[in-house]
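Indexing begins at 1, ligand by ligand and atom by atom, following the structure's order. Throughout, residue positions are numbered sequentially from 1 according to the sequence presented.
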Amino acid sequence: MNQTAITSLFAWEALDSRGKPTVACEVKLAGGARGQATVPSGASTGRHEAHELRDGGERYGGMGVSRAVAHVNNELAAATRGLDATDQATVDGTLRATDGSAELERLGANAVLAVSVATAVASAAATGRALYRAVADPEARPLLPLPMVNILSGGAHAGRAIDVQDFLAVPLGARSFAEAIEMCARVRRGTAEVLAAKGLPVALVADEGGLGAVLASNREALELVVAGVEHAGLQPGQDVGIAIDVAATQFVTDGGDYILAAEGQRRLRPDELVEELASWCAEYPIVSLEDALAEDDWSGWRTVTRRLAGRQILGDDLFVTHADRLERGIEDGVANAVLVKPNQVGTLSDARAVVRRAQDAGYGTVLSARSGETEDTWLSDLAVGWRTGQIKVGSTMRSERTAKWNRLLRIEAELGDAADYAGAAALTGLLSA
Ligand code: PGA
Ligand code: ZN
């Protein structure tokens with residue numbers, strides 16, 4: 001038998017960073033190589049994401065994944081036995097065909113992704129390559145991504161204290177990945193010190209490790225991050241830009257209006273929300289806006305893409321890492337960058353195809369973790385091997401976040417001149433294109 005043929009799958013129920021169950025899987029190959037992977041999970045999930053299978057019932061308040069685990073151990077193990085793990089496209093195609101549904105609702109995208117990623121890890125091990133090499137095109141140089149680092153959270157990640165879900169630091173002035181992380185850690189600490197000086201608690205940490213401060217308004221949060229950058233001895237807009245994830249799907253009404261709860265329940269039409277965001281952009285060094293409008297507000301998205309041209313307009317819930325939705329965006333001139341979360345679509349091959357299509361169309365690509373994560377680091381290798389140019393995994397604290405930064409720090413330290421660092425060009429290249 002071929003040394004890289006899959007001989008068995010073994011899945012089990014593990015815990016994620018929010019204490020909820022998730023699927024873990026090990027793939028074993030004929031030659032003895034193994035690969036293990038765990039899958040993440042979102043809180044502000046888009047309606048069009050692939051289906052995450054949960055048990056319901058009593059265990060873990062209905063969040064158990066024992067059925068998804070059983071699907072790996074039974075149906076998916078039988079379907080993949082004998083397949084060549086180095087042929088990711090065939091493995092992923094088989095996983096999808098075995099499920100048979102459009103959004104993997106029968107066996108669960110969590111079951112399918114666990115097998116898909118563990119197969120890639122096993123294939124890399126069997127061929128004696130780092131995962132970032134195994135997932136890359138043969139001649140591609142490894143590219144360390146520009147990080148986007150969570151400083152302050154609101155929305156679904158922090159008890160909805162403010163409407164905007166995430167305020168992130170973008171280390172524009174850094175010349176290496178290591179310098180970028182050091183800058184962001186300084187901003188995180190600087191922001192905490194500014195909060196403490198105001199007498200506000202800094203021990204409240206949100207899902208992605210950002211500060212979960214209770215603030216009076218979205219503007220106050222922007223003000224605070226700018227103050228944090230300055231307190232860290234850095235220049236806002238020069239050394240460090242701000243990215244926001246508005247996650248507007250979380251506060252859209254059925255009628256298509258938006259309600260800013262933190263601003264006295266202000267109700268805004270889509271064009272008024274765009275003007276509100278434009279006024280923030282005029283006052284603060286915002287370089288990237290994610291999910292500025294809700295997931296199905298295509299006309300609002302067209303407006304914001306035109307109105308805020310010159311900034312990264314990033315689609316998360318809008319595109320949900322789906323090729324068909326990205327295609328519509330490209331045709332309609334909607335957004336100029338795509339957030340890529342492999343569990344939104346269910347297989348590595350599908351996520352990879354979205355990255356390629358976006359790059360061909362001149363769209364930026366930001367590989368992203370979820371708010372529910374594990375200590376796993378495969379995401380870091382995908383960013384380097386797929387040359388996404390940008391990555392977002394949360395704050396510079398909490399181990400499920402630092403595990404990913406630490407993997408990237410090691411890759412950069414190890415490769416030295418044999419790798420490139422994307423830097424701010426990942427943004428400016430896109431914006432001048
Ligand atoms: P989620 O948040 O993982 O809860 O969806 C991350 C994001 O919205 O980017
Ligand atoms: Zn998002």
**Message:** Using the rule given for side chain to side chain contact (heavy atoms under 4.5 Å, CB included), can you reason through Arg387 versus Arg141, listing the C-alpha separation, both sets of side-chain angles and the distance that settles it, and then say yes or no?
**Reply:** CA-CA 8 Å; Arg387 296 176 54 86; Arg141 264 174 79 81; 3.9 Å; yes
**Asked** Does the pair Gln250 and Asp291 meet the rule for a side chain to side chain donor-acceptor pair (under 3.5 Å), with working shown?
**Response** CA-CA 10 Å; Gln250 295 286 313; Asp291 283 354; over 6 Å; no
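Evaluation of the side chain to side chain contact (heavy atoms under 4.5 Å, CB included) rule for Thr45 yields Glu49, Arg370 as partners, not counting sequence neighbours. For Glu375, there are no salt bridge (charged side-chain N to carboxylate O under 4.0 Å, His left out) partners at least two apart in sequence or on another chain.
Across every non-hydrogen atom of Arg325 and Trp298, the tightest pair is O-CH2, 3.6 Å. Scanning all heavy atoms of the two residues, the minimum distance from Asp163 to Ile259 falls at OD1-O, 4.0 Å.
For the pair Asp245 (side chain) and Asp166 (backbone), a donor-acceptor distance under 3.5 Å is absent. A donor-acceptor pair under 3.5 Å links the side-chain atoms of Thr22 to the main chain of Val39, judged by distance alone.
Ring planes of Phe177 and Trp405: tilted class, angle from 30 to 60°.
For the Zn ion (ligand 2), the count of nearby protein N/O/S atoms, taking only those under 2.8 Å, is 3.
Near ligand 1, heavy-atom contacts under 4.0 Å come from Gly42, Ala43, Ser44, His157, Gln165, Glu208, Asp245, Glu290, Asp316, Leu339, Lys341, Arg370, Ser371, Lys392.
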